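None of these values were measured; they are calculated from a predicted model. Along the sequence shown, the residues carry numbers beginning at 1.
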Amino acid sequence: MIDSVSSINSLTKGAGTLGVQSSESNILSQAGTVVSAAASAALGPTFASVLGGAVNDAISAVKGGEAASFAGIKGTADTREVVDAVMEADRTLKTAVALRDKVVSAYLEITKMQI
């Protein structure tokens, strides 16, 4: 196997003198891009995408509570449904505030560190 790799290496060195060097580097850069994309897909979702999804869920929960309260005022929604939606929105808002406080606290601790 090592002999075959050595023979391929010698062929590519000879091909570089024929003007094929630029296409070889182009193919290698494309292969690197494909490998890095596959590696990132294998690692799973990023922190930013998870946090963005959580924020979108929180926004939809708060909007759902708001819509349910308007429906309750109009008399088109059951009282239990309104209370459940508003309580879920309240719980989501409290969680978001607690998370914000933790992030601010961590930031302040980092800024206090000596370099």
If you compare all heavy atoms of [X] against all heavy atoms of [Y], which two are closest, and at what distance to 0.1 Å?
X   : Y   : result
A77 : V82 : CB-CG2, 3.9 Å
A85 : A68 : CB-CB, 3.5 Å
G65 : V86 : O-CG2, 3.9 Å

Roughly how far, to the nearest 0.5 Å, is CD of E81 from OG of S69?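 One gets 13.0 Å once the value is rounded to the nearest 0.5 Å.
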Can you tell me how far CG of L99 sits from NZ of K102, rounded to the nearest 0.5 angstrom?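 One gets 10.0 Å once the value is rounded to the nearest 0.5 Å.
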Is the backbone N or O of A58 less than 3.5 Å from a side-chain atom of T92, with the two atoms forming a donor-acceptor pair by type? no
Apply the side chain to side chain contact (heavy atoms under 4.5 Å, CB included) test between I59 and each candidate in V62, D57, V55; give the one that qualifies.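 Testing I59 for a side chain to side chain contact (heavy atoms under 4.5 Å, CB included) against V62, D57, V55 leaves exactly one candidate, V55.
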